[in-house]
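To start, the structure under review is shown below, and the notes come after it.
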Amino acid sequence: MEIKNRLKSGFFICLGAASCLALGFTFGKLSGEINPASIEGASNLIGISFSPAEKDSMVNTLKNQLNNLENSRKVSLDNSVAPSLVFNPLPKGFKPSLEQKTLNWGLANSVDLPKSDVDIAFTPVHELAVLIKSGKLTSERLTKIYLDRIKTYSDTLQCLITLMEDSALEKARAMDAELKAGKYRGPLHGIPYGVKDLLAVKGTKTTWGAMPYKDQEIDETATIVTKLDDAGAVLVGKFTLGALAMGDVWYGGVTKNPWNLKQGSSGSSAGSASAVSAGLVPFAIGTETLGSIVSPSTRNGVTGLRPTYGRVSKHGAMALSWSMDKIGPISRSALDNGIVLAVINGQDDNDASSIQAAFNYDAKKDPKSLKVGYFKPFFEGERASANDQKVLETLKNIGIELHPLELNVSIPAGPIVMMLMAEGSAAFDELTRLGWDDQLVAQHRNAWPNLFRAARFIPATDYVNLSRQRTLLIQEMHELMKGYDVIVTPSFAGSQLQITNLTGHPALCMPNGFNESGSPTSITLLANLFEEEKLVMLGSLIQKNTDWQTQRPPLFNQ
């Protein structure tokens with residue numbers, strides 16, 4: 001009897017830990033669904049109190065999580081199913097292509113220089129590249145435009161941690177000199193950009209958005225920053241993130257959404273998305289573990305690309321979940337994101353989880369040749385969005401045949417997210433043990449300090465078995481995706497965001513209009529592992545036939 005009671009007690013301690021994370025992402029929404037409001041709320045509910053109705057909702061959510069976790073324990077696992085654990089969680093027998101071909105971006109032969117600085121600031125990367133290469137625009141002038149805008153607007157948006165004015169101007173002048181001497185590094189030559197401040201840059205603070213680390217300096221530079229530097233890009237600043245990569249609350253405040261300054265930017269790539277949206281940079285680097293590119297891209301009306309897990313080196317980046325963290329670009333167009341991904345892509349000896357894979361984009365390929373599916377149930381019923389429907393109508397009008405399908409998997413994703421809690425707790429073990437977590441701004445029941453403590457009760461047995469289930473989920477999603485080049489889905493419908501983050505599949509999140517309150521909305525394109533070029537192909541086609549991505553927040557269009 002005593003042994004049974006101990007097991008039962010341990011089970012409910014584990015359940016409580018898992019439910020804490022689930023609740024942090026599901027307040028006021030359906031169990032298991034993640035969206036900008038819930039991600040923002042997960043780190044923004046400080047000093048919260050609940051009404052009786054809200055308490056009932058939480059109890060129901062707990063019951064659902066209990067059922068999900070109990071059902072996950074019933075999944076039959078053959079002993080040959082090994083856990084994915086940390087590195088290279090690829091489907092059985094799958095190997096990405098290593099044949100790198102010459103990239104063809106299909107850039108215009110000539111682009112007219114916009115008359116005003118504000119119009120230049122909102123010009124996409126693929127047009128800025130033509131302007132710089134042709135000599136119509138210098139990198140120094142372009143960099144000064146963005147530096148001035150950052151100095152004018154970053155305090156309003158609370159999106160900046162470090163301005164790198166001197167080094168940016170020095171790099172811009174060097175790029176102009178190289179171009180005059182006949183050396184051209186490629187489409188990012190002389191293009192300014194920013195990074196989320198969880199990427200180390202030697203000689204700067206790397207604060208991770210958290211008070212205990214606000215003066216931290218790391219004596220190295222992240223691999224992708226080095227790659228961007230080699231490609232000629234000009235780093236102008238380091239932007240805010242929700243503390244330790246949750247939400248939009250950081251040690252200096254709450255990062256704002258340029259479309260509505262009363263609203264947060266969502267997280268955790270809050271500063272990167274806000275800065276791109278307001279025209280402070282043409283592109284920025286974000287990271288995603290469970291929605292941190294997709295959610296702020298949606299909230300801020302910009303285009304975010306979450307690459308396949310392992311495609312981009314994480315060396316020099318803060319670790320939250322070694323088996324789920326991904327790094328990708330946020331910009332004003334799908335094509336811009338492809339241009340950036342081509343630079344930061346590649347295996348890195350300093351990151352054992354990185355995977356060598358070709359990234360081949362050819363503008364001559366006809367995107368109408370793609371087999372495009374869509375998760376039909378997500379576009380129907382009460383939760384169907386008119387903006388999502390417009391995307392399907394646009395594709396049909398272009399001549400794309402759409403194939404309906406359902407997101408059916410046998411492995412529940414919700415309980416597996418508990419792996420994120422366990423890994424995050426391990427990553428910040430010192431923070432918890434030394435009591436530094438008291439310095440974090442967010443201290444509510446679903447903030448990191450409490451989640452990290454709760455995660456210490458997750459049994460190692462459950463972690464390993466959840467990882468084995470995740471291995472099966474990866475295989476199931478791979479089999480589903482093999483039948484299609486791209487699948488279109490509402491960004492936050494069902495559990496697709498959880499599933500694809502767990503399985504490492506790439507996603508392109510793009511604006512598709514505005515809701516009734518005037519806030520941007522988004523649509524997401526999914527592809528199979530290491531097939532991001534197909535996302536860029538279809539995304540570019542949609543954006544050539546719509547103007548959603550060209551909209552500017554009025555307060556910053558001046």
Side-chain angles (χ1 to χ4, degrees), residues 36 117-129 142-143 145-154 156-161 163-164 168 188 191-197 199 224 228 233-242 248 255-261 263-288 292-306 327-341 344 508-511 519-520 522 539 543 548-557:
D117 284 356
V118 66
D119 289 337
I120 292 174
F122 281 98
T123 299
V125 170
H126 61 272
E127 293 183 6
L128 291 174
L142 183 61
T143 301
I145 288 173
Y146 286 122
L147 288 172
D148 287 345
R149 289 182 65 83
I150 291 172
K151 287 186 281 188
T152 300
Y153 294 119
S154 61
T156 300
L157 295 170
Q158 296 184 47
C159 67
L160 181 72
I161 289 181
L163 183 66
M164 303 174 66
L188 293 186
I191 303 293
Y193 77 103
V195 298
K196 184 176 182 177
D197 193 43
L199 290 166
I224 70 160
L228 288 166
V234 178
L235 180 59
V236 296
K238 303 183 77 177
F239 294 121
T240 56
L241 67 152
D248 47 29
T255 302
K256 306 301 182 187
N257 159 26
W259 294 93
N260 180 359
L261 294 178
Q263 188 181 57
S265 178
S266 188
S268 65
S269 303
S272 294
S274 178
V276 171
S277 177
L280 309 191
V281 284
F283 80 92
I285 300 299
T287 68
E288 174 154 323
S292 290
I293 288 176
V294 170
S295 185
S297 293
T298 300
R299 174 64 59 81
N300 292 277
V302 291
T303 302
L305 176 60
R306 181 189 77 215
I327 301 176
I330 296 172
S331 72
R332 303 193 66 79
S333 79
L335 184 59
D336 291 0
N337 285 341
I339 291 171
V340 176
L341 181 62
I344 64 177
L508 180 71
C509 177
M510 308 188 304
S519 294
S522 73
Q543 292 184 331
W548 297 314
Q549 77 284 354
T550 65
Q551 304 304 306
R552 306 175 186 178
L555 290 176
F556 300 88
N557 189 26

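For the numbers below, each heavy atom of this structure counts, side chains included, while hydrogens, waters and symmetry mates do not.
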Do S522 and T298 meet the criterion of a side-chain donor-acceptor pair at a distance under 3.5 Å?
yes

Check whether S277 reaches the backbone of N300 with its side chain - one donor and one acceptor, N or O, closer than 3.5 Å.
yes

Check whether any side-chain N or O of R149 sits under 3.5 Å from a backbone N or O of G279 as a donor-acceptor pair, and report yes or no.
yes

Does any non-hydrogen side-chain atom of T240 lie less than 4.5 Å from one of Q158?
no

Considering the options V276, L335, I330, N337, which one meets the side-chain contact (heavy atoms from CB on, under 4.5 Å) requirement together with T303?
N337

Indicate yes or no: at least one non-hydrogen side-chain atom of P282 is less than 4.5 angstrom from one of Y146.
yes

side-chain contact (heavy atoms from CB on, under 4.5 Å) between V340 and V125, intermediate numbers included
CA-CA 9 Å; V340 176; V125 170; 5.6 Å; no

Can you tell if the side chain of L163 reaches within under 4.5 Å of the side chain of L147, non-hydrogen atoms only?
yes

Expected output: side-chain S292 to main-chain S269 donor-acceptor under 3.5 Å:
no

pair I327-I285: side-chain heavy atoms closer than 4.5 Å
yes

Sub-3.5 Å donor-acceptor pair from the side chain of Q543 to the main-chain atoms of Q549, do we have one?
no

Can you see whether S272 engages K196 through a side-chain donor-acceptor pair at a distance of less than 3.5 angstrom?
no

Close side-chain approach of L555 to T156, heavy-atom, < 4.5 Å
no

Does a donor on one side chain sit under 3.5 Å from an acceptor on the other, for D248 and T255?
no

With sequence neighbours left out, what residues match F283 under ring-ring contact (aromatic ring centres under 6.0 Å, His included)?
Y193

Would you say R306's side chain and I293's backbone share a donor-acceptor pair under 3.5 angstrom?
no

For the side-chain hydrogen bond (donor to acceptor under 3.5 Å, both in side chains) test, which of S297, S274, S295 pairs with S266?
S295

Report yes if the side chains of S333 and H126 come closer than 4.5 Å at any heavy-atom pair, otherwise no.
yes

Would you please test D119 and R552 for side-chain contact (heavy atoms from CB on, under 4.5 Å) and show each step?
CA-CA 10 Å; D119 289 337; R552 306 175 186 178; 2.9 Å; yes

